[in-house]
Visitor: 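Provided herewith is a single structure, encoded as structure tokens, for subsequent inquiry.
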Amino acid sequence: MNREEATKKIESLRDELRQYNYEYHVLDRPSVPDHVYDQKLHELIALEEQFPEFVTEDSPTQRVGGQPLDKFEKVNHEVPMLSLGNAFGEDDLRDFDRRVRERVSDYRYVCELKIDGLAISLRYEDGRFVRGATRGDGRTGEDITNNLRTIRSIPLKINEEETIEVRGEAFMPKKSFLALNEAREQNGEELFANPRNAAAGSLRQLDPKIAAKRNLDIFVYSVGQWEAGSISSHSERLAYLKKLGFKTNPETRTFDSIEDVIQYTEEWTVKRSELEYEIDGIVIKVDSVDQQEELGFTAKNPRWAIAYKFPAEEAITTLHDIELSV
Ligand SMILES: CC(C)(CNC(=O)c1ccc(Oc2ccccc2)cc1)c1ccc2c(N)nc(N)nc2n1
């Protein structure tokens, strides 16, 4: 095969593998069996070995790249990654709604499951993943790009040649957490206390080959810096992120009243054990960006968003026992 043919073949294999990876890890709906993916990947690996000058960092072969680091570089978040105020019950949610209603009218809420993982930022330049970082203290995080590249649901190339910074939650699915602790117990290693610690521990590994084995996943939920950004609501922003090829959470809903929001939190308080990942609450946001700007921020948190936190698990078990004993 000459260089001309090799370039074409490499490009078409990359597009094919990106599509297969997207179907499997983002849509959870593979269109080809694993052995087809593996065969095409090995074909691409062989071609890139034959023509190393054609290797690009967004190639599907570059997922587990990079040598182990001796430390993490610092990253400054131009747009800070803010934290949320908490609500611990329906009265707190009604208070939140009253504060919103004092400043805006004719508003609606978006409710998202609050994934119990690690907040991260993903930077893309001209549509290519160039840097990933932890939230850190909200203004300064750690550069964990090589580890994040190993997460298959993070696209190395998005569907628009945009320069955009996306935020989300990296997490370890419950099954992967149990399997990992099983293996660590067999090897006499210290166990992780919960999936959140296991995800954090995996992403703070200096060797990406270890992170690559931890079967981490991600849901994206917001945008930081964005050159082309001009979207009027949070729900539209989430739809756009999905269109770009990111994994967004399918349980997100929009409601017109805080009563509907309260019902949604009650549903998930009991339903969360059915999920393949842990959640520690529900995030509620005023949907309109204009209304978010009218509401602004307190010293610490946006006034237009709040995190409803579930009561501690054992509390649910105790209540359950009480109900059963009645
Ligand atoms: C709402 C926000 C706090 C993100 N938003 C921001 O971080 C943010 C940051 C600067 C903003 O505007 C500024 C720009 C420049 C300077 C100061 C503020 C606006 C929002 C947040 C935090 C945690 C979340 C979580 N765990 N799960 C979900 N599903 N959503 C979440 N959403």
Side-chain angles (χ1 to χ4, degrees), residues 75-88 93 96 99-100 103-104 107-123 132-141 153 164-172 194-197 199-200 203 216-227 229-242 246-255 261 264-265 268 272 275 277-310:
V75 168
N76 172 47
H77 298 300
E78 301 289 322
V79 172
M81 293 177 72
L82 302 178
S83 56
L84 292 161
N86 290 328
F88 294 100
L93 290 175
F96 167 70
R99 293 194 297 273
V100 168
R103 291 169 186 251
V104 295
Y107 53 89
R108 62 182 198 170
Y109 290 119
V110 177
C111 290
E112 301 172 70
L113 301 185
K114 189 169 181 300
I115 311 301
D116 198 359
L118 195 71
I120 51 108
S121 153
L122 306 171
R123 180 169 173 76
T134 62
R135 176 181 179 281
D137 64 5
R139 288 204 173 276
T140 307
S153 51
I164 185 171
E165 186 220 342
V166 174
R167 279 114 186 247
E169 200 84 4
F171 65 93
M172 184 179 291
N194 53 52
R196 202 201 72 77
N197 288 4
L203 285 172
L216 297 170
D217 203 339
I218 181 172
F219 286 116
V220 301
Y221 56 69
S222 96
V223 177
Q225 282 176 295
W226 186 11
E227 276 172 1
S230 67
I231 278 186
S232 67
S233 75
H234 180 65
S235 37
E236 279 172 86
R237 189 179 294 156
L238 290 174
Y240 186 68
L241 289 174
K242 185 171 178 179
F246 290 104
K247 186 167 182 175
T248 55
N249 193 279
E251 306 302 341
T252 300
R253 295 288 180 274
T254 305
F255 296 115
V261 168
Y264 182 82
T265 62
W268 282 106
R272 60 179 164 148
L275 289 167
Y277 44 86
E278 288 198 347
I279 61 174
D280 61 341
I282 304 289
V283 179
I284 300 130
K285 300 172 183 174
V286 169
D287 194 21
S288 151
V289 171
D290 287 345
Q291 292 176 336
Q292 290 180 3
E293 279 163 19
E294 278 175 68
L295 286 156
F297 306 86
T298 65
K300 287 173 54 227
N301 314 116
R303 282 201 194 86
W304 41 267
I306 197 159
Y308 168 79
K309 305 288 279 189
F310 293 131

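All residue numbers refer to positions in the sequence shown, counting from 1. Keep in mind it's a predicted model, so treat the numbers as computed, not measured. When a ligand or atom number is given, it counts from 1 through the structure's own listing order.
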Visitor: Below 3.5 Å only, please: the N or O atoms of ligand 1 paired with protein N or O atoms, distance on each line.
Guide:
from, atom 1, to, atom 2, distance (Å)
ligand 1, 7 (O), Leu82, N, 3.0
ligand 1, 29 (N), Glu112, OE1, 3.2
ligand 1, 30 (N), Lys285, NZ, 3.0
ligand 1, 32 (N), Lys285, NZ, 3.3

Visitor: Could I get the full list of salt bridge (charged side-chain N to carboxylate O under 4.0 Å, His left out) partners for Glu169, not counting sequence neighbours?
Guide: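 By the salt bridge (charged side-chain N to carboxylate O under 4.0 Å, His left out) rule, Glu169 matches no residue at all.
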Visitor: Taking the six-membered ring for Trp and the single ring otherwise, decide whether the centroids of Tyr308 and Phe96 are under 6.0 Å apart.
Guide: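 Centroid distance Tyr308-Phe96: not below 6.0 Å, so no.
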Visitor: Tell me whether the guanidinium CZ or amine NZ of Lys309 lies under 6.0 angstrom from the six-membered ring centre of Phe88 and within 45° of its axis.
Guide: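 No cation-pi geometry.
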Visitor: Under the salt bridge (Lys or Arg N to Asp or Glu O under 4.0 Å) rule, what pairs show up with a residue in residues 289-301, not counting sequence neighbours?
Guide: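 Listed once each, the pairs would be none.
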Visitor: Which residues satisfy the ring pair (Phe, Tyr, Trp, His ring centres under 6.0 Å) test with Phe246, sequence neighbours excluded?
Guide: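 Partners of Phe246 under the ring pair (Phe, Tyr, Trp, His ring centres under 6.0 Å) test: Tyr124.
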Visitor: Under 4.0 Å between a Lys/Arg side-chain N and an Asp/Glu carboxylate O for Glu112 and Lys285?
Guide: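 A salt bridge links Glu112 with Lys285.
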